[in-house]
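What follows is a set of notes on a single structure, which appears directly below.
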Amino acid sequence: MNEGTQHINQVTYTINQQMLHQGSQKKKHLCNQLVKLTLMVILPLLPCYLLYIYPSYVGAILVAIVLLFKLKPISAYAAGLFIPQVMKGVDSELRHIKPELFKGLSGSVLDLGAADGLYLKYYSNCFNNEAPIDKVVAIEPNSNLIDKLTAAAEKASNSGLKVEIYNGFLHEYMLEFPQEKFDNVILGNVLCEVPNQSQILSQIYDILKVGGQVIFIEHVAHPPNTPVRIFQNIMNPVYTILSDGCNLNRDTLEQIQQAPWSELIHWEIKSGGPLVLNRVHIGIACK
């Protein structure tokens, strides 16, 4: 696990595992982990047990559920309800780290996959920096999240933060606004969902100004051949359908490292979230 002080783009960042647990009680944290682990074991086994007892009925129900979620409007609607709740849990785990990670923000910010606007509050806190944020563009393709994102943008505007919302994909935005370039791109659990990581990273590199930076917070796969990684591989096909595209078993940092960055720093953090989502890589890459 990478910990401690690192320097990039003339800014010093200090991030360590202890920051993750500030304000939390270890006993409560352990209890939550045990509960989550128990649910993770029981919930996948319960349908299997019911399928063994009532194969025809349960089998038909499971097939119907999978087919329904394969329909894009239904899976997108479910994700619009499900993803904000999961991300709030992740945010609560990382709330002591994000201010440190975002403290170097200034100029223009592209929040890619902004969801319900969870990160806007952190940009608002950066607004009074010596070189403040002058504009935020929040891109979110899921229409079911736009109302929540708009409400968060209106709240952020009270601090003077200017937020523009774009309901669509990055490549669509780049076609519509070909001259736009950004000082910062924020990726908050986005690369787990995109169909092609290398393609989206190439687009991000193109839309970033020279000297600009990408800040990423991404849940990633556990190391190969570990029990959790095997479980992630087994669960991923079903989880991807139910979560509208999110993958449990991606080695995202390896993809990020392949881009021609001038500088790249990163840390690995183990959050208190579900075991299949608790390995998180955070970092900053400069063009």
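In what follows, every heavy atom counts, from backbone to side chain, and hydrogens, waters and symmetry copies are set aside. Since the model is a prediction, treat every value here as computed from it, not as a measurement.
Between Ile269 atom CD1 and Ile282 atom CD1 the span is 5.0 Å, to the nearest 0.5 Å. The line from CG of Asp134 to OG of Ser106 is 8.5 Å long, rounded to the nearest 0.5 Å. Atom CD1 in Ile146 sits 6.0 Å away from atom CD in Glu140 (nearest 0.5 Å). Atom CD1 of Ile284 sits about 5.0 Å away from atom CD1 of Ile215, to the nearest 0.5 Å. Note: Leu112 CG to Phe216 CZ = 14.5 Å, rounded to the nearest 0.5 Å. Rounding to the nearest 0.5 Å gives a distance of 10.0 Å between CD1 of Ile207 and CZ of Phe177.
Among pairs with a residue in residues 168-178, those fulfilling side chain to side chain donor-acceptor pair (under 3.5 Å) read Tyr166-Glu176, at least two apart in sequence or across chains.
Residues that satisfy the salt bridge (charged side-chain N to carboxylate O under 4.0 Å, His left out) test with Lys287, not counting sequence neighbours, are absent from this structure. By the side chain to side chain contact (heavy atoms under 4.5 Å, CB included) test, Asn236 pairs with Thr240, Asn247, Leu248, Asn249, sequence neighbours left out. Under the side-chain hydrogen bond (donor to acceptor under 3.5 Å, both in side chains) criterion, Asn196 pairs with Ser198, not counting sequence neighbours. Scanning for side-chain hydrogen bond (donor to acceptor under 3.5 Å, both in side chains) contacts around Lys135 gives Glu180, with sequence neighbours left out.
In the hydrophobic clustering of ILVMFWY residues, with side-chain heavy atoms under 4.5 Å counting as a link, Ile217 and Leu264 come out apart. When hydrophobic clusters are built by joining Ile, Leu, Val, Met, Phe, Trp and Tyr residues whose side-chain heavy atoms come closer than 4.5 Å, directly or via intermediates, Val109 is not grouped with Val185. Both Leu253 and Trp261 are members of a single hydrophobic cluster when ILVMFWY side chains are connected at heavy-atom separations under 4.5 Å. Ile204 and Phe169 are assigned to two separate hydrophobic clusters, defined by single-linkage of ILVMFWY side chains at heavy-atom distances under 4.5 Å. Residue Tyr119 is not grouped with residue Leu170 when hydrophobic side chains (ILVMFWY) are merged at heavy-atom distances under 4.5 angstrom, including chains of intermediate members.
In this structure, Tyr123 and Leu161 approach most closely via the heavy-atom pair CB-CD2, 3.7 Å. Smallest separation of non-hydrogen atoms from Ser159 and Ala156: OG-O, 2.8 Å. Across every non-hydrogen atom of Ala114 and Leu149, the tightest pair is CB-CD1, 4.0 Å. Between Pro141 and Asn167, the closest heavy-atom pair is O-ND2, 3.3 Å.
When Glu254, Glu268, His266, His219 are each tested for a side chain to side chain donor-acceptor pair (under 3.5 Å) with His281, only one passes: Glu268. Here the options are Asn184, Ile186, Val163, the test is side-chain contact (heavy atoms from CB on, under 4.5 Å), and the partner is Val136; only Val163 passes. Partner of Thr252 under the side chain to side chain donor-acceptor pair (under 3.5 Å) criterion, chosen from Gln197, Glu218, Gln257: Gln197.
When side chains are defined from C-beta on, Met174 counts as touching Asp206, because their heavy atoms get closer than 4.5 Å. Between Trp267 and Ile97 the shortest side-chain heavy-atom distance does not fall below 4.5 Å. Annotation: side chain of Leu191 is in contact with side chain of Ile256 (closest heavy-atom distance under 4.5 Å). Inter-residue side-chain proximity for Ile200 and Val190 is flagged as unmet; no heavy-atom pair is nearer than 4.5 Å.
Looking only at distances, no side-chain donor or acceptor of Gln213 sits under 3.5 Å from a matching main-chain atom of Cys286.
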Residues Leu94, Leu101; criterion side-chain contact (heavy atoms from CB on, under 4.5 Å); working and verdict: CA-CA 10 Å; Leu94 302 178; Leu101 194 62; over 6 Å; no
Residue pair Arg250, Val194: steps toward the side-chain contact (heavy atoms from CB on, under 4.5 Å) verdict: CA-CA 11 Å; Arg250 285 187 168 177; Val194 297; 4.0 Å; yes
Side-chain polar contacts of residues 220-230 - donor-acceptor pairs under 3.5 angstrom, sequence neighbours left out - could you list them?
from   : atom 1 : to     : atom 2 : distance (Å)
His222 : NE2    : Leu275 : O      : 3.2
His222 : NE2    : Asn278 : OD1    : 2.9
Thr226 : OG1    : Pro223 : O      : 2.7
Thr226 : OG1    : Arg229 : N      : 3.3
Arg229 : NH1    : His222 : O      : 2.6
Arg229 : NH1    : Asp251 : OD1    : 3.4
Arg229 : NH2    : Asp251 : OD2    : 3.2

